Amino acid sequence: MLELTTTLTTLHILYLIGVVVILAVMVLRRDTPVICILFLFLLGLTATGTLAGGIQTVFNATLYAAKEFMEIIATIALITALSKCLSDLGSDYLMMKPLSRIMCSPSVTWWILGTAMLLCSLFLWPSPSVALVGAIMLPLVIRKGLNPLAAAMAMNLFGHGIALSYDFVIQGAPAISASAAGIDTYDILATGAPLFITMGAVTVLSAFILNRKSMSDTLVTLQDSKDEPDTDSGTPYLHHKAALFLAVFTPLAFLGDILLMFLFRLRGGDATSLVSGTATLLMVLGALLGFRNEAPEKVTDYLTHGFLFAIKIFAPVILIGAFFFMGGEGITAILGEQFQNGIMNDWAIWLAGKTPLNRYAAALLQMVIGALTGLDGSGFSGLPLTGALSQTFSLITGGSTPIFAALGQITAIFVGGGTIVPWGIIPVAAICDVSPLELARKNMLPVFLGFLCTFAVACLLI
């Protein structure tokens with residue numbers, strides 16, 4: 001049984017104030033990096049008791065965040081470099097042409113894109129799936145009239161929301177929750193299935209309904225402007241051998257990646273590195289076949305374009321992430337070995353120990369705690385805590401341990417895994433070339449509606 005006691009210090013109070021201020025600034029649609037830098041300095045000053053320590057914390061936290069984000073930055077850069085190469089050759093249009101008849105409207109396109117992302121994410125996890133789906137499908141869905149922001153929502157909610165929170169194929173998330181709760185993984189997947197289904201269905205349906213009008217407006221605009229490429233114009237690149245070869249070979253290469261992932265059980269970072277490496281080699285191959293003697297310069301241009309794009313997207317997010325990593329396990333690397341527990345985890349334990357509990361109050365508290373632990377942008381870092389709390393809450397209230405565990409898992413991953421915190425949704429935002437802050441705002445209402453309905457179902461089952 002988890003001990004629900006912890007000691008709060010000035011550092012905890014200051015961090016919570018920082019979270020509230022940052023969230024308030026986001027709601028006001030203002031940039032937050034300057035606030036993050038200020039609170040990083042104050043946290044370092046408070047933790048170390050020295051001016052030098054406060055100044056060093058700003059850099060150490062930024063460096064830690066940059067290292068944590070580097071894999072995503074490189075992935076986005078290399079996928080963007082490949083996309084630029086395919087676009088220059090005309091392969092992107094040829095590659096997506098067979099699907100154009102199926103995607104007859106933005107609404108249909110939205111569901112096709114989301115379903116593709118869901119299926120890929122269930123078997124590969126969302127990070128490599130963002131790269132795969134983004135590289136292959138995104139050019140067409142945008143051309144078919146789907147608003148880039150709506151496309152980002154579909155990829156994000158189906159992938160980092162539904163697939164990552166339920167995770168019934170790879171079973172990474174439920175395995176962590178079950179281990180901490182002292183139950184079998186199957187118990188969470190089976191008993192919690194109504195909660196996962198409710199959360200997923202309500203979230204994507206409400207997102208679709210709320211954004212259907214903007215999807216239709218986009219289609220009208222594109223039809224009026226005749227943005228669709230003219231296949232009868234005789235444009236040379238459409239019939240270029242290199243363009244045709246890359247249009248066929250690129251999806252085959254990524255399908256080969258999927259096969260290798262299954263054969264060698266590659267997951268997470270290993271799967272992402274396979275996709276990113278494939279994208280890089282395809283970009284080089286495209287440059288060689290399409291531009292021959294100019295290929296070395298073209299490769300350099302594509303890489304420069306990709307990394308400039310990725311850094312432009314990530315520059316402010318690194319500072320935001322630096323602050324929120326202090327709330328989780330990153331605090332040890334930033335401030336030293338004397339700080340072992342994340343600040344938000346301490347707040348979650350304190351809150352659990354101070355709240356009067358019955359089954360329904362415990363269920364609500366479990367969701368709140370899961371959301372709090374997700375603020376570091378991980379989603380998975382809070383699962384050991386919510387899993388352990390599910391066992392504790394069950395013993396105290398007599399409620400269902402798997403239901404408590406599922407609730408914590410859903411909120412931790414939907415918030416931090418993520419669909420709500422901007423620093424957790426950068427890959428999708430970058431691939432779709434939209435603002436992560438705007439994507440987070442768009443996701444917020446559908447996700448909160450999902451939380452509300454999921455809590456209602458939990459009250460019937462707990």
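Source: prediction; values computed, not measured.
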Hey, are the side chains of [X] and [Y] touching, using non-hydrogen atoms and a 4.5 Å cut-off?
X	Y	value
E68	I318	no
L461	P194	yes
I420	F414	no
L437	R441	yes
L285	L281	no
L157	I162	no
Y166	L189	yes
M199	C453	no

Can a donor-acceptor pair be found, under 3.5 Å and without considering hydrogens, that links the side chain of [X] to the backbone of [Y]?
X	Y	value
T419	G161	no
D167	A173	yes
N156	A152	no
S273	D270	yes
T80	G306	no
Q366	L407	no
T304	T300	yes
S390	G387	yes
T115	I112	no
S165	I410	no

For [X] versus [Y], what's the shortest heavy-atom pair and its separation?
X	Y	result
L78	S276	CD1-O, 4.0 Å
E297	N293	OE1-O, 3.9 Å
I188	A178	CD1-N, 3.5 Å
P402	T191	CB-CB, 3.7 Å
L138	A151	CD1-CB, 4.1 Å
V421	G416	CG2-CA, 4.0 Å

What distance separates [X] [atom1] from [Y] [atom2], expressed to the nearest 0.5 Å?
X	Y	atom1	atom2	value
I369	L364	CD1	CG	10.0 Å
C85	L89	SG	CG	4.5 Å
M137	L113	CE	CG	5.5 Å
I73	K67	CD1	NZ	13.0 Å
L389	S177	CG	OG	11.0 Å
L195	M367	CG	CE	8.5 Å

For this session: Go through the steps for V130 and M117 under the test side chain to side chain contact (heavy atoms under 4.5 Å, CB included), then give the verdict.
Result: CA-CA 7 Å; V130 167; M117 185 66 188; 3.3 Å; yes
For this session: List the steps and the verdict of side chain to side chain contact (heavy atoms under 4.5 Å, CB included) for L289 and L246.
Result: CA-CA 9 Å; L289 294 178; L246 262 294; 3.9 Å; yes
Parallel, tilted or perpendicular: ring planes of [X] versus [Y], cut at 30 and 60 degrees:
X	Y	value
F323	F39	perpendicular
F158	W110	perpendicular
F448	F451	tilted

Just checking, any donor-acceptor pair under 3.5 angstrom between side chains of [X] and [Y]?
X	Y	result
T278	D257	yes
Q391	T401	no
T454	T198	no

Problem set entry | Cationic tip of K84 above Y302 ring, under 6.0 Å, 45° of axis | no
For this session: Take M153 and V204, measure what side chain to side chain contact (heavy atoms under 4.5 Å, CB included) needs, and give me the verdict at the end.
Result: CA-CA 9 Å; M153 289 184 70; V204 297; over 6 Å; no
For this session: Give the C-alpha distance, both sets of side-chain angles, the deciding distance and a yes or no for side chain to side chain contact (heavy atoms under 4.5 Å, CB included) between H160 and I425.
Result: CA-CA 8 Å; H160 287 86; I425 59 179; over 6 Å; no
Exercise. Is it the case that more than 12 heavy atoms not belonging to F249 sit under 6.0 Å from its CZ atom?
Worked result: no
